[in-house]
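Below you will find the structure I want to go over with you.
The first residue in the sequence is number 1, and the count goes up from there.
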Amino acid sequence: SIWEETMFTMTGAPRRRFLAAAAATLGVASLSLTAGQATAQTDWPEDPITIVVPFNAGGSADRMARTLTDPLSEELGVPVVVENRPGGAGGLGATYVARQSAPDGNTLLLMQATPYLANAILVGGAPVQWEDFRFLNAQWNDYAIVAVHQDSPYETFDQLVEAMKEPGAVSSGIIYGNGGHLQTLVAMDALEIPQDNVRFVTYDGGAPLRTA
């Protein structure tokens, strides 16, 4: 994809500027969106509402969506359910919502606007545009940490960095193109560690990533 070609073939200062610009957007709140412009109805909603989460169950977006279902259902008077549609770092679920044949406001998308939705639109190849969605609400900010397994031999960040300088010594779990992925690449560039030194293992959601 264009994303892969851009992120992995750029070198030197241009690559650092690209990654820094991408990483600078990562703190933006996750969003609730709906596809298109639903017809205005004074009696909305009459039917159940589905919140589509484009990741596996158990991640931060999924937990937020499930936290919202009960209060939304009580407020709106209709059932509210969560539907997980993982794949393509969020692109498959976003495409599913955008391609609703008759948008009526009953199918919502809950995902991080950056980097996931931005990547899906700009560089991930998903056949959607910003104009396909209407912003409803900003829910929360995500923050990144550096963590290792409790049985890992690394007890400090400096020890981990030294290990990353040895090709193949360290593996990193990522959701492709997510904030942690981009921030790892930015850090590796700053530390002058070749990207190929780390073996990146991809997952479709935060829950399986944390479990691994």
Side-chain angles (χ1 to χ4, degrees), residues 1 3-13 15-30 53-67 84-93 110-120 123-124 139-212:
S1 70
W3 170 249
E4 292 171 329
E5 293 174 0
T6 301
M7 187 164 62
F8 293 134
T9 64
M10 292 178 71
T11 59
R15 184 171 184 269
R16 287 193 294 272
R17 286 195 296 269
F18 172 79
L19 291 173
T25 68
L26 300 183
V28 177
S30 297
V53 175
F55 308 105
N56 283 321
S60 57
D62 178 74
R63 295 197 306 273
M64 173 58 69
R66 295 181 190 281
T67 299
N84 297 92
R85 287 184 170 266
L92 293 183
L110 193 149
M111 69 183 298
Q112 292 85 341
T114 56
Y116 293 115
L117 185 56
N119 285 347
V123 292
Q139 289 297 135
W140 85 103
N141 290 326
D142 270 342
Y143 298 93
I145 63 170
V146 178
V148 297
H149 192 276
Q150 62 180 359
D151 296 328
S152 168
Y154 314 120
E155 296 184 355
T156 67
F157 183 70
D158 288 341
Q159 290 176 350
L160 178 62
V161 169
E162 286 303 311
M164 292 170 68
K165 294 178 180 179
E166 298 294 328
V170 174
S171 297
S172 176
I174 60 168
I175 303 172
Y176 186 81
N178 79 337
H181 186 194
L182 294 178
Q183 289 163 340
T184 300
L185 295 177
V186 170
M188 292 177 68
D189 269 358
L191 295 167
E192 298 183 348
I193 298 174
Q195 178 224 319
D196 292 339
N197 279 20
V198 174
R199 183 172 69 94
F200 289 105
V201 182
T202 59
Y203 298 88
D204 282 331
L209 190 157
R210 287 191 299 274
T211 301

- Taking all heavy atoms of Val148 and all of Tyr154, pick out the closest pair and write down the distance. CG2-O, 3.7 Å

- Message: Pro86 and side chain to side chain contact (heavy atoms under 4.5 Å, CB included): which single residue from Val53, Asn56, Asp62 fits?
- Response: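 Output: one option passes, namely Asn56.
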
- Rounded to the nearest 0.5 Å, the CD atom of Glu162 sits from the CG atom of Asp158 at a distance of 7.5 Å

- Note on the structure: Closest non-hydrogen contact found for Phe55 with Ala61 is CD1-CB, 4.1 Å

- Message: Could you report the tightest heavy-atom contact between Met164 and Ile193, atom names first, then the distance?
- Response: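 That would be O-CG2, 3.4 Å.
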
- Message: Please give me the minimum heavy-atom distance between Val198 and Ser172, naming the atom from each residue.
- Response: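 Scanning both residues completely, I find the closest heavy atoms to be CG1-CB, 3.8 Å.
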
- Message: If you compare all heavy atoms of Pro167 against all heavy atoms of Asn197, which two are closest, and at what distance to 0.1 Å?
- Response: CG-OD1, 3.7 Å

- Message: Restricting to non-hydrogen atoms, name the atom on Pro153 and the atom on Gln159 that form the minimum distance, rounded to 0.1 Å.
- Response: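 Scanning both residues, the minimum pair turns out to be O-OE1, 3.7 Å.
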
- Item | Gap between atom OG1 of Thr184 and atom CD of Gln195 - 0.5 Å precision |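 Spacing of CD (Gln195) from OG1 (Thr184) equals 10.5 Å.
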
- Item | Distance (rounded to the nearest 0.5 Å) between Arg63 CZ and Leu110 CG |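 Spacing of CZ (Arg63) from CG (Leu110) equals 12.0 Å.
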
- So, Arg85 side chain and Pro54 main chain: donor-acceptor pair closer than 3.5 Å or not? no

